[in-house]
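Heads up: the structure comes next, in structure tokens.
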Amino acid sequence: MHTRDEILRASAAWVWFPRDSEHEKTDLQLVRYPARFGGGVRASQVDSDSDAAAVLDRAIARTKAWGERELRFWTNGSDRPDLEEEIRRRGAEHIDTVAVFAREIDGAAIDVPPESTAEVVRTIDQVREVDAINVPVWQQQPLDEAGLRTELDEVVSGFEAGTHVRVLARLNGLAVSTGGCTIVDGFSRLWGAATLEAARGRGAYRAVLAERLRVSASLGATTALVKGRTATSAPILARAGFTHYGDERAYLLRV
């Protein structure tokens with residue numbers, strides 16, 4: 001099991017770069033999301049000798065230079081300087097909070113109902129089922145046939161390399177939930193969990209969680225790290241033995 005400091009550093013270093021995104025790393029990390037994921041710019045990982053106003057000014061200028069009008073800023077306890085007060089002062093809207101959770105993978109036991117099953121994604125049909133879950137949950141555009149094939153190639157190559165895994169869960173045979181994990185420095189980063197609204201509360205998310213932990217252990221990970229939304233997955237994670245290490249908040253600033 002990693003130490004508390006290692007867990008917090010790993011959480012701060014965790015950034016998603018969607019396929020076809022653009023990104024820039026200076027004294028903070030900026031990622032321009034493709035239209036399929038709603039566009040806009042995500043900012044995080046502040047490490048600067050400048051004051052908060054100057055850092056935020058640079059982020060806004062880059063957002064405008066990219067032709068975007070929405071800047072989403074994820075705060076973290078390790079930011080230097082802390083931009084949260086300056087972001088709020090400029091009228092940003094608090095839009096999301098995630099709780100940082102971690103637990104030792106060895107010996108993890110998740111209570112999964114018998115009608116819930118989970119499997120590792122390896123086929124184009126499974127990728128289609130994953131997309132059919134992600135589109136309504138994340139309000140994103142569906143993949144076309146070429147996109148599905150590209151997604152399959154990434155899923156399979158990541159699994160074969162032992163770095164990325166995508167899981168699909170079913171309730172009585174119907175695909176209703178999905179999630180992935182990435183193995184980095186002994187951590188299994190659990191990401192992208194999504195469950196169709198009509199299927200929530202019936203164990204599908206727990207099936208996805210249990211399968212990701214099982215596969216992660218087989219790939220050599222020792223600590224599971226996840227950012228759970230306080231209104232949905234966070235209570236399940238707490239019951240599954242995960243420890244809460246702090247919160248990260250997202251703010252939307254229209255520029």
- Message: I'd like to know whether Arg58 forms a salt bridge (charged side-chain N to carboxylate O under 4.0 Å, His left out) with Asp27, so could you lay out the CA-CA distance, the side-chain angles of the two residues, the decisive distance to 0.1 Å, and finally the verdict.
- Response: CA-CA 10 Å; Arg58 286 195 288 273; Asp27 53 358; 2.5 Å; yes
- Do Glu115 and Asn172 get their side chains close enough for a donor-acceptor pair, meaning under 3.5 Å? no
- Interatomic distance, Asp79 atom CG to Leu28 atom CG [nearest 0.5 angstrom]: 9.0 Å
- Task: Report the C-alpha separation of Asp57 and Arg90 in whole Å, then their side-chain angles, then the decisive distance to 0.1 Å, and conclude whether the salt bridge (charged side-chain N to carboxylate O under 4.0 Å, His left out) test is met.
- Result: CA-CA 11 Å; Asp57 283 342; Arg90 299 198 190 194; 2.7 Å; yes
- Item | Least distance between heavy atoms, His2 atom then Asp185 atom | NE2-O, 3.2 Å
- Can you sort out the partners of Gln45 under side-chain hydrogen bond (donor to acceptor under 3.5 Å, both in side chains), two or more places apart, ordered by chain and number? none
- Query: What are the two closest heavy atoms between Val255 and Lys64, and how far apart are they?
  - Reply: O-CE, 3.1 Å
- Query: Are Val100 and Trp14 side-chain neighbours, meaning at least one heavy-atom pair lies under 4.5 Å?
  - Reply: no
- Task: Taking side-chain hydrogen bond (donor to acceptor under 3.5 Å, both in side chains) as the test, write out the residues that go with Arg19, two or more places apart.
- Result: Glu151, Glu154
- Query: Any idea which heavy atoms bring Val176 and Ala204 closest together, and the distance?
  - Reply: CG2-CB, 3.6 Å
- Task: Considering non-hydrogen atoms only, spot the tightest contact between Val155 and Val121 and give its length.
- Result: CG1-O, 3.3 Å
- Query: Any cation-pi pair here, Arg62 with Trp66, using under 6.0 Å and within 45°?
  - Reply: yes
- Distance only, no hydrogens: is a donor on one side chain within 3.5 Å (strictly under) of an acceptor on the other, for Ser78 and Arg9? no
- Task: Say whether Val165 and Phe17 are linked into one hydrophobic cluster, either directly or through other cluster members, by side-chain heavy-atom distances under 4.5 angstrom.
- Result: no
- Task: Calculate, to the nearest 0.5 Å, the distance between atoms CZ and CD belonging to Arg166 and Glu211 respectively.
- Result: 13.5 Å
- Do the ring planes of His94 and Tyr251 sit parallel (below 30°), tilted (30 to 60°) or perpendicular (above 60°)? tilted
- Task: For residues Ile110 and Arg206, report the shortest heavy-atom separation together with the two atoms involved.
- Result: CG2-O, 3.7 Å
